[in-house]
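Data first, discussion second: the structure below is written as structure tokens.
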Amino acid sequence: MVRAGDASAGADVFKSECAECHSPKQGKNKKGPSLFDIVGRPAGTAPNYKYTDALTQGKWTWTTDKLHWYLSQPARKANPGTRMKYDGLDDPKQLDDLITYLGTLH
Ligand code: HEC
């Protein structure tokens with residue numbers, strides 16, 4: 001399903017919500033893994049990043065729907081055991097904008 005969002009508004013959401021722990025640059029891991037090319041990437045496969053078992057190697061692929069599911073609720077609830085401390089984004093417009101922005105990272 002294609003969700004229409006505004007990528008430049010999404011870049012702002014990324015800066016305020018995610019950039020503390022994630023870089024959009026390829027190969028740059030912070031507290032969390034790089035989100036370069038995240039849409040379409042199998043979960044848990046950023047190079048040189050040590051994931052928890054909650055995100056073990058490629059059990060699913062990060063589609064826009066899967067990202068929507070993951071980011072709309074507290075990460076620990078969506079994915080028990082994850083180290084990602086994030087309380088979820090409950091504004092659907094911000095979420096669509098953010099995911100549209102993530103889709104431009106390749
Ligand atoms: C407080 C730090 C923190 C914040 C804020 C945060 N994350 Fe994370 N994120 C992490 C960590 C740590 C992991 C790795 C979790 C694990 O291994 O269990 C992760 C994992 C992920 C993954 C899985 C990546 C993969 O390679 O499978 C995605 C997607 C993700 N985060 C997106 C986001 C987005 C988008 C935001 C902003 C809305 C965000 N995160 C906010 C720390 C954070």
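Ligands are counted one by one from 1 in listed order, and the atoms in each one are counted from 1 as well. Everything quoted here is computed from the prediction, not taken from an experiment.
Ranked by closest heavy atom to atom 26 (O) of ligand 1, the top entry among Tyr51, Trp60, Tyr49, Phe36 is Tyr51.
Ligand 1 has Leu55 within reach: a non-hydrogen atom of the residue lies less than 4.0 Å from it. In this structure, Leu67 is part of the shell of residues with a heavy atom less than 4.0 angstrom from ligand 1. Using 4.0 Å as the threshold, Leu98 has a heavy atom nearer than that to some atom of ligand 1. A heavy-atom separation below 4.0 Å is found between Gly44 and ligand 1.
Of the heavy atoms in Leu71, only side-chain atoms (C-beta onward) come closer than 4.0 Å to ligand 1. Within the 4.0 Å heavy-atom criterion, neither part of Phe14 lies near ligand 1.
Within the listing of ligand 1, atoms 1 (C) sit less than 4.0 angstrom from a heavy atom of Lys85. Taking every heavy atom of Lys31 and a limit of under 4.0 angstrom, the matching atoms of ligand 1 come to 12 (C). Annotation for ligand 1: atoms under 4.0 Å from non-hydrogen atoms of Thr82 are 15 (C), 16 (C), 18 (O). Those atoms of ligand 1 that come under 4.0 Å of a heavy atom in Arg41, given as number and element, are 25 (C), 26 (O).
Heavy atoms only, all atoms of each residue included: Gly81 and Thr52 are closest at O-OG1, 3.6 Å. When every heavy atom of His22 is checked against every heavy atom of Met84, the shortest pair comes out as NE2-SD, 4.0 Å. Looking at every heavy atom in both residues, Ala54 comes nearest to Pro80 through CB-O, 3.4 Å. Pairing each heavy atom of Lys25 with each of Ser34, the nearest pair is O-OG, 2.7 Å. Minimum interatomic distance between Lys30 and Cys21 (heavy atoms only, all atoms of both residues): CB-O, 3.3 Å. Residues Lys50 and Arg83 approach most closely at O-NH2, 2.6 Å, considering heavy atoms.
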- Message: Quick one, Thr56 with Tyr51, criterion side-chain contact (heavy atoms from CB on, under 4.5 Å). Give me CA distance, side-chain angles, the key distance, then yes/no.
- Response: CA-CA 7 Å; Thr56 3; Tyr51 292 91; over 6 Å; no
- Task: List the steps and the verdict of side-chain contact (heavy atoms from CB on, under 4.5 Å) for Leu35 and Trp62.
- Result: CA-CA 11 Å; Leu35 293 185; Trp62 288 117; over 6 Å; no
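Summary of contacts: the protein heavy atom closest to atom 23 (C) of ligand 1 is Trp62 CZ2, 3.6 Å. Summary of contacts: the protein heavy atom closest to atom 5 (C) of ligand 1 is Glu17 O, 3.3 Å. For atom 17 (O) of ligand 1, the nearest non-hydrogen atom of the protein is Thr52 N, 2.9 Å. The protein non-hydrogen atom at the shortest distance from atom 22 (C) of ligand 1 is Tyr70 CE2, 3.9 Å.
Checked options Asp96, Asp91, Asp97; the residue passing with Lys93 is Asp97 (criterion: salt bridge (Lys or Arg N to Asp or Glu O under 4.0 Å)). None of Leu71, Leu67, Val13 except one satisfies the side chain to side chain contact (heavy atoms under 4.5 Å, CB included) rule with Leu95; the exception is Leu71.
Atoms of the protein (N, O or S only) found under 2.8 Å from atom 8 (Fe) of ligand 1 are His22 NE2, Met84 SD.
Note on residues 78-106: pairs passing ring pair (Phe, Tyr, Trp, His ring centres under 6.0 Å), not counting sequence neighbours, are Phe14-Tyr101.
Note: Trp69 and Trp60 have perpendicular aromatic rings, judged against thresholds of 30 and 60 degrees for the angle between ring planes.
In this structure, OG1 in Thr61 is found 11.0 Å from CZ in Arg41, a value given to the nearest 0.5 Å.
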